[in-house]
Chemist: 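Below you'll find the structure I mean.
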Amino acid sequence: MRIGFGYDAHRLVEGRKLIIGGVAIPFGKGLLGHSDADVLLHAIIDALIGATSLGDIGRHFPPSDPAYKDISSIKLLEETAKLILKNGFTISNIDSTVVCEMPRLSAHIPEMIKNIAKAAGCDPGRVNVKAKTEEGMGFTGKGDGISSYAAALLDETSIKPFDGASK
């Protein structure tokens, strides 16, 4: 059993779509980033990669790589799910929190959970998403950006990574 923790934050800017949990949310601003800047999925990806002790999201999907320019973070989560399975783990549970004053996210949470579970290859009952505000405090409270936290619990499988050595 392994536990991973992830965090991400992005600045809100004009001229970008707001994508959170793979859901396009109607809002006057979007998150700035190399990919689609899906702050929730980035935190989840970091938690999953961290639980496998394989570094972080930037190591596997570097923002300097043009291949990831404007890519959907759902695709990054799908690749991460393959990576953790290849390394002998399955997802037991994902718990996450998105922090922003606006927009209100509660109506979008069921679709976020569905998207996350599908991309991660797990049952939706193993995924939790919460939305919180900071009561006007900090960069999220002032509406300058959105942050997200995630924790992931992984179970070891009987599948072990191939190390290249013959037996």
Side-chain angles (χ1 to χ4, degrees), residues 1-13 16-23 30-100 112-132 138-140 144-167:
M1 184 175 302
R2 299 275 191 98
I3 298 171
F5 175 77
Y7 169 79
D8 197 38
H10 287 275
R11 180 180 308 277
L12 280 165
V13 297
R16 297 257 314 180
K17 289 183 181 180
L18 180 59
I19 310 291
I20 301 177
V23 178
L31 294 169
L32 181 63
H34 185 69
S35 66
D36 64 3
D38 189 324
V39 69
L40 174 58
L41 296 186
H42 292 184
I44 289 170
I45 290 167
D46 249 358
L48 293 169
I49 292 171
T52 58
S53 299
L54 294 172
D56 62 21
I57 189 171
R59 178 174 163 192
H60 295 272
F61 311 108
S64 59
D65 188 335
Y68 302 117
K69 178 73 175 147
D70 297 323
I71 194 169
S72 167
S73 294
I74 287 287
K75 291 181 181 173
L76 302 181
L77 180 55
E78 289 169 350
E79 289 303 311
T80 301
K82 291 175 190 173
L83 177 69
I84 65 169
L85 187 60
K86 176 183 167 189
N87 280 276
F89 297 96
T90 59
I91 297 169
S92 178
N93 187 59
I94 296 170
D95 187 29
S96 59
T97 304
V98 180
V99 183
C100 66
M112 291 178 191
I113 290 170
K114 185 177 114 183
N115 291 344
I116 293 163
K118 182 178 178 184
C122 67
D123 185 274
R126 296 184 176 273
V127 177
N128 190 49
V129 176
K130 303 175 293 289
K132 302 292 181 187
F139 75 93
T140 58
D144 293 334
I146 297 176
S147 65
S148 186
Y149 300 87
L153 178 65
L154 303 183
D155 289 320
E156 290 188 61
T157 66
S158 58
I159 301 168
K160 297 299 175 199
F162 178 68
D163 64 8
S166 59
K167 304 242 178 198

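Residue indices begin at 1 and follow the sequence shown. As a basis for the values below, the full set of heavy atoms in this structure was taken, side chains included, without hydrogen atoms, waters or symmetry mates.
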Chemist: Taking the side chain from Asp46 and the backbone from Asp56, do they hold a donor-acceptor pair closer than 3.5 Å?
Modeler: no
Chemist: What residue among Asp65, Asp36, Leu76 forms side-chain contact (heavy atoms from CB on, under 4.5 Å) with Ile71?
Modeler: Leu76
Chemist: If you measure only the distance, is there a donor-acceptor pair under 3.5 Å linking the side chains of Ser148 and His42?
Modeler: no
Chemist: Compare every heavy atom of Val129 with every heavy atom of Ile113, then report the nearest pair and how far apart it is.
Modeler: CG1-CG2, 3.8 Å
Chemist: Does a salt bridge link Lys75 with Glu78, judged by any charged N lying under 4.0 Å from a carboxylate O?
Modeler: no
Chemist: To the closest 0.5 Å, what do you measure between CD1 (Ile74) and CD1 (Ile116)?
Modeler: 7.0 Å
Chemist: Got Lys130 and Asp95 here, is their nearest side-chain heavy-atom distance under 4.5 Å?
Modeler: yes
Chemist: Just wondering, are more than 12 heavy atoms of other shown residues or ligands nearer than 6.0 Å to NZ in Lys132?
Modeler: no
Chemist: Between atom CG of Asn93 and atom SG of Cys122, what is the distance when rounded to the nearest 0.5 Å?
Modeler: 8.5 Å
Chemist: Quickly, which of Val98, Val23, Thr97, Asp8 forms a side-chain contact (heavy atoms from CB on, under 4.5 Å) with Leu40? Name it, please.
Modeler: Val98
Chemist: Check whether any side-chain heavy atom of Leu154 sits under 4.5 Å from a side-chain heavy atom of Thr90, and report yes or no.
Modeler: no
Chemist: Between Phe139 and Ile146, what is the shortest heavy-atom contact and its length?
Modeler: CE1-N, 4.1 Å
Chemist: Side chains of Glu156 and Met1: closer than 4.5 Å at any heavy-atom pair?
Modeler: no
Chemist: How far apart are the closest heavy atoms of Gly6 and Ala47, and which atoms are they?
Modeler: N-CB, 3.6 Å
Chemist: Any idea which heavy atoms bring Tyr68 and His60 closest together, and the distance?
Modeler: OH-O, 3.6 Å
Chemist: Distance check, rounded to the nearest 0.5 Å: Ile91 atom CD1 versus Ile84 atom CD1?
Modeler: 4.0 Å
Chemist: Which atom pair, heavy atoms only, marks the closest approach of Ala81 to Ala120?
Modeler: CB-O, 3.6 Å
Chemist: Please report the interatomic distance CD1(Ile45) to CD1(Ile94), rounded to the nearest 0.5 Å.
Modeler: 10.0 Å
Chemist: Between Leu12 and Leu18, is there a side-chain heavy-atom distance shorter than 4.5 Å?
Modeler: yes
Chemist: If you look at every heavy atom in Ser53 and Arg2, which pair is closest and at what distance?
Modeler: OG-NH1, 3.4 Å
Chemist: Once rounded to the nearest 0.5 Å, what's the spacing between atom OG of Ser73 and atom CZ of Phe61?
Modeler: 9.5 Å
Chemist: Should Asp70 and Arg16 count as an ion pair when the cut-off is N to O under 4.0 Å?
Modeler: yes
Chemist: For the CZ atom on Arg11, are there more than 12 heavy atoms of other groups (residues, nucleotides or ligands in this structure) within a distance under 6.0 Å?
Modeler: no
Chemist: Heavy atoms, side chains only, cut-off 4.5 Å: are Leu54 and Leu83 in contact?
Modeler: yes
Chemist: Measuring from Ile20:CD1 to Asn115:CG, what's the distance to the nearest 0.5 Å?
Modeler: 12.5 Å
Chemist: Leu77 versus Leu48: any side-chain heavy-atom pair under 4.5 Å?
Modeler: yes
